[in-house]
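Written out below as structure tokens is the structure these notes cover.
Letters A, B, ... mirror the listed sequences (proteins, then strands); counts begin at 1.
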2 protein chains.
Amino acid sequence: MTSAPARRARRHDPGRRDRLVDTTLDVIAEQGVTAATHRAIARAADVPLGSLTYHFASLAELLAAAFTRHVDAVAERFDERMRAAPDRTAALEALVEHLTGDLLGSQRDLVLAVELYVAAARDPALRAVTQDWMSRSRRSLERHLDPVTAREVDALVEGLVLHSALSTEPMTADQIRSALHRLAG
Amino acid sequence: MTSAPARRARRHDPGRRDRLVDTTLDVIAEQGVTAATHRAIARAADVPLGSLTYHFASLAELLAAAFTRHVDAVAERFDERMRAAPDRTAALEALVEHLTGDLLGSQRDLVLAVELYVAAARDPALRAVTQDWMSRSRRSLERHLDPVTAREVDALVEGLVLHSALSTEPMTADQIRSALHRLAG
DNA sequence: GGCCGTTGTGTACGGTTGTTCCTATGAGCC
DNA sequence: GGCTCATAGGAACAACCGTACACAACGGCC
């Protein structure tokens with residue numbers, strides 16, 4: 001029996017561009033943004049190396065597309081939660097759920113957030129993505145909070161996320177809830 | 001006239017190991033942790049390439065030594081401020097000064113903090129450094145705040161720092177002070 | 001059916017990296 | 001003065017990177 005020949009994706013492959021963006025996010029989440037090289041992504045997506053430079057002019061462009069897609073999804077999900085909340089109290093509780101469920105619950109989203117922070121610290125194009133994210137999340141919060149409070153809550157949330165990412169012990173929902181209520185309650 | 005021969009450091013060079021650690025911090029602050037290569041650091045310190053692997057078994061070890069030195073300095077400076085504060089109100093004001101003066105005032109410390117976050121997200125050795133920093137700063141805060149509040153303030157501060165690093169508009173002392181007082185006032 | 005342009009593929013190139021290794025040097029001790 | 005060994009120095013190596021490019025294949029239009 002020959003060794004497994006690594007089944008190639010079919011030659012005609014519409015939507016490969018989309019799939020490459022998703023695979024890039026997977027690689028970043030699993031191995032970090034510095035490990036997200038052309039070769040690593042090509043291997044993960046099971047496509048030849050040249051396919052990446054065909055679909056994306058540069059690696060930076062591919063990374064930007066990937067982070068943009070991720071931020072769009074997270075921001076939209078969050079705004080839905082805020083729109084659904086009837087009042088301020090419900091909004092804060094929805095925020096707690098957003099944090100414990102989406103961000104801190106799945107390591108994936110947490111890791112992606114931190115990797116984006118990291119990459120954005122040096123790449124102006126990615127910094128635009130993070131600024132878009134911050135302003136969108138602030139706008140979502142402002143559905144139930146005044147602008148000043150929204151900004152403070154946004155910063156606190158950012159810190160909680162980073163804390164959880166770097167700490168050994170994860171933060172509990174109760175701790176998050178109490179901090180939020182003290183700031184915006 | 002020949003081109004400048006790049007004056008070499010003298011052959012006998014006691015304390016070079018220390019100087020390499022400082023230079024590493026400079027390179028990280030100016031060009032980011034990903035640009036802190038053996039060659040970049042050697043060039044900045046004006047020493048031959050081989051000198052780095054002689055003094056430090058690996059690049060990771062050098063980076064860890066550099067971040068450790070920096071964290072030690074910042075944490076010690078902060079604890080001094082907290083020790084000097086007579087009461088809770090003074091402590092909060094000292095924290096504002098610490099943030100606006102040391103961290104946000106000089107871009108250098110802010111950049112170093114974010115670069116450390118970034119690097120720590122992937123390197124367990126560096127994560128130990130950040131955890132040490134967090135626990136020390138929390139302990140300093142606990143000189144005037146109860147543990148729960150200290151933890152929340154620490155998280156908020158982390159978020160404010162990150163916000164300032166990634167945002168275009170820096171955060172003002174007044175905004176920081178008002179957020180802190182709302183949380184711990 | 002035959003052409004053509006879009007899409008897919010594999011290889012090669014120039015550059016940078018961390019690390020190793022051999023040699024040269026000189027400060028401290030006898 | 002002579003020995004010795006920790007330090008200084010520079011070249012070399014293997015691995016990896018992003019990107020370019022020439023060629024193959026196929027769908028859609030005439």
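- Annotation: side chain of B:Arg151 is in contact with side chain of A:Met171 (closest heavy-atom distance under 4.5 Å).
- Rounding to whole angstrom units, NE2 of residue B:His38 and C1' of D:dC16 are separated by 16 Å.
- You'll find the side chain of B:Leu95 reaches within 4.5 Å of the side chain of B:Val153, heavy atoms only.
- Using a 4.5 Å cut-off on side-chain heavy atoms (C-beta onward), B:Arg43 and B:Val27 make no contact.
- Out of D:dA6, C:dT6, D:dC17, the shortest distance to the side chain of B:Tyr54 is found at D:dA6.
- When the P atom of C:dA27 is taken as reference, atom NE2 of B:His12 falls 6 Å away, rounded to whole Å.
- Across all non-hydrogen atoms, the minimal contact from A:Leu99 to A:Val157 is CD2-CG1, 3.6 Å.
- Residue B:Arg16 places its side chain closer to D:dA8 than to any other of C:dT17, C:dA27, D:dA8.
- In this structure, the CG atom of A:Leu49 is 10 Å from the C1' atom of D:dC17, given to the nearest Å.
- In this model, the phosphate group of C:dT19 is not approached by any side-chain N or O of B:Thr53 to a distance below 4.0 Å at OP1 or OP2.
- Distance, B:Phe56 CZ to C:dT20 C1': 18 Å, rounded to whole Å.
- B:His98 and B:Phe78 have tilted rings, their planes meeting at an angle from 30° to 60° on a 0 to 90° scale.
- If you check D:dG9, D:dA8, C:dG10 against the side chain of B:Pro48, the one that comes closest is D:dG9.
- Remark: P of C:dC13 and CZ of A:Arg39 are 14 Å apart, rounded to the nearest angstrom.
- Summarising the geometry, the separation between CG on B:Leu63 and P on C:dT17 is reported as 14 Å, rounded to the nearest angstrom.
- Spacing between atom CG of B:Asp13 and atom P of C:dG26 amounts to 14 Å, rounded to whole angstrom units.
- For C:dT17, the OP1/OP2 oxygens have a side-chain nitrogen or oxygen of B:Thr37 closer than 4.0 Å.
- The separation between B:Leu52 atom CG and C:dC21 atom P is 18 Å, rounded to whole Å.
- Phosphate proximity of D:dA8 to B:His55: present, with a side-chain N or O under 4.0 Å from OP1 or OP2.
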